[in-house]
Amino acid sequence: RDKDGNLCVTVKSSGAYCYLFDRSGNYLFSLADPWNPDAIISKADGQLTVFDTVGDGNYHLLPINMEAKAFDYEARVDLGAVSCVFSGGESSDYYFYDFAEFFTVDPASGEKKPLFNWSNLGLASGDAHVCPLPDGKFAVIAGTFSQTQQLRYEFCIVEPGIDDRTVLTMFSLQPESSILEAIALFNKSNDEYRIELTSVFSMSQDVTSDEWNNAIQKFSVELIAGEIPDILDLNNLPVEALSGSGYLVDLYPYLNNDPAIHMEDYFDNVFTALSIHGKLPFLTSSVQILTMFADENAVGTKRGWTVEEYAALKNNGDIIVSGLDPMQFLEMLLAADSQFVNWETGECRFDSEDFVRLLELCKSMLESEASAQLVSPDSQANCRYAPLTSVIFVAEYNYSLGRNANPIGFPNESGDVMHILIPANKIGITTACEHADGAWAFARSFLEPTLQESGWFFPYLRSSFEKIGAAASKGNTIWTGGMYNGDITEQDLALAREILGSALYCRNGDAGLTEIILDCVQDYFYGDRSAQEVAALIQQKATIYVSEHK
């Protein structure tokens, strides 16, 4: 409501509209909003203002001129990538937070000042509502997501005070929601330690490749200079290089010595997949799985296949593949299989026969795709690339293949089953951390039911997997609707259980090295160089890159 008690209601249907009513509920007028309204607030002077976006992750405030019965476009305020905006009070024109800092805005100058860090204070980031109170206090209702229910809410009062707990520093390039939730939970519950997060970009901020590269380069310089945080969010950072250079603690001793953690309670192959050269550099709360499904009538029931077997079936027309781009296929294998580079020793083997055969397979895939239009997911394809985040997706692919789905995985040199994990988050402890017990208390929270079940991917705590699977089979899941709306059968649950329990690869590859390789292979795929020549060139460039970054 505004200062006169007028009320604004937004409606989204074929378009977005704002309807204005007086304090008695009588209709006044309506406005068509050209953007996408997210909320309505009242600024400090009582003016009704729409908080909306054009859909690019950036938001703005658009005041309503009640006398003119129109939006005041000249008074529009661009906010950038923020999460929520709240009505103002005596000391602030309005309040907002950008997934990290909670800001006040001076009513006279419009100057924005951070008041406190949202997650560092222990506040959830899923959905938030704030009401300013006297004496610098705020009433907050904040919610977090889970896979079995949309949101869990809690109420608290935020007030000025002194926090004398020991600080654990944490760095993230761009934290996603599960990281912020984990920090909030830890800071709310731990009596001895609190996390202070430093991030380069806010959660929903659009970041260019140059900005990423500059941020990573700056981070590397700070590491060399000894400016090392206690905890790292390793998403988008070169995990293999950091682990090989000795910056990351091996978490296996902590895992094995923690009396409350029992490996049999987990799909322990996930830990194996996360490991690099026998060491566990990070933990995660949940995992996405990349794999391939094929019709058993075409490939049989055996799990796993070699590159040669895949190529023969494809070239003979026995399998029609959907959704797998050859360059994407090569990028995934490079990121998940470290057989061609050892970051500890700096050894590269891109000039090996194995890598040459991989290049030849990708080129043959490219040529076959050029001669036949890529098959769409709703066509007659009997072999499908399958990114999986939930048993819902397993059921969808199984159903599309007549419930004869073989989770055969990606073809590879050994013919082993190759499902590739993408961790939802990557929490590592640095060797510079002086409070390893506190850092471990935070890292291990990613193994507990609350965070395992609140993510958007598969939990690998067995009890959480079964809980979410059982809920999904009853339709109680965030994934219901929009994709597959059929039944979740016991066969689907068994397939999901099998895939998660046999995944032994993790997508950890260095983005800079992968970019070098993909750039070089263009000369083989589209140019005049042979596979051997390109492999030799990649070997030369990769050896230099690894020696400079390990």
Open item on the list: Testing the 3.5 Å rule here: is there a donor-acceptor pair between the side chains of Thr489 and Asp492?
Closed with: yes

Open item on the list: Looking only at side-chain N and O atoms, does Tyr193 offer a donor or acceptor that is under 3.5 Å from a partner on Asn187?
Closed with: no

Open item on the list: Does this structure show an ion pair linking Arg507 with Glu331, if we count only N-O contacts that are shorter than 4.0 Å?
Closed with: yes

Task: Glu101 and Asn117: side chain donor to acceptor below 3.5 Å - done: yes

TODO: Please check if the distance between the ring centroids of Tyr266 and Phe271 is under 6.0 Å.
DONE: yes

Task: Ion pair check, Glu196 and Arg194, cut-off under 4.0 Å - done: yes

Task: Non-hydrogen atoms of Leu513 and Ala542 that approach each other most closely - done: CD1-CB, 3.7 Å

Open item on the list: For the residue pair Asn412 / Ser414, report whether a side-chain donor-acceptor contact shorter than 3.5 Å exists.
Closed with: yes

TODO: For the pair Ser473 (side chain) and Ala470 (backbone), establish whether a donor and an acceptor sit closer than 3.5 Å, ignoring hydrogens and angles.
DONE: yes

TODO: Name the orientation class of the two ring planes belonging to Tyr545 and Trp343 (parallel below 30°, tilted from 30 to 60°, perpendicular beyond 60°).
DONE: perpendicular

Open item on the list: Taking Arg165 first and then Asp191, would you say they form a salt bridge - that is, a charged N and a carboxylate O separated by under 4.0 Å?
Closed with: no

- [ ] For Thr291 and Tyr385, test the side chains for any donor-to-acceptor distance below 3.5 angstrom and give the result as yes or no.
- [x] no

Open item on the list: What I want to find out is whether Asp416 reaches Arg303 closely enough, with some N-O distance under 4.0 Å, to be called a salt bridge.
Closed with: no

Open item on the list: Using ring centroids (six-membered ring only for Trp), state whether Trp305 and Phe410 fall under 6.0 Å.
Closed with: no

Open item on the list: Please give me the minimum heavy-atom distance between Pro407 and His419, naming the atom from each residue.
Closed with: O-CE1, 3.2 Å

TODO: Compute whether any side-chain donor of one residue and acceptor of the other, for Ser178 and Glu176, lie under 3.5 angstrom apart.
DONE: yes

Open item on the list: Can you confirm whether more than 12 heavy atoms, excluding those of Lys302, are under 6.0 Å from its NZ atom?
Closed with: yes

Open item on the list: Quick one about Glu296 and Thr301 (side-chain donor to acceptor, distance below 3.5 Å, no hydrogens or angles considered), yes or no?
Closed with: no

Open item on the list: Suppose we screen for side-chain hydrogen bond (donor to acceptor under 3.5 Å, both in side chains). Which residues come up paired with Asp233, at least two apart in sequence or across chains?
Closed with: Ser172

Task: Flag if over 12 foreign heavy atoms under 6.0 Å of CD, Glu515 - done: no

TODO: Not counting sequence neighbours, which residues clear ring-ring contact (aromatic ring centres under 6.0 Å, His included) with Phe116? List them please.
DONE: Phe102

Task: Arg462 NZ/CZ over Phe267 ring centroid, <6.0 Å and within 45° of normal - done: yes

Task: Lys279 atom NZ, over 12 foreign heavy atoms within 6.0 Å - done: no

TODO: Please indicate whether Glu353 has more than 12 foreign heavy atoms, meaning atoms of other residues, nucleotides or ligands, lying under 6.0 Å from its CD.
DONE: no

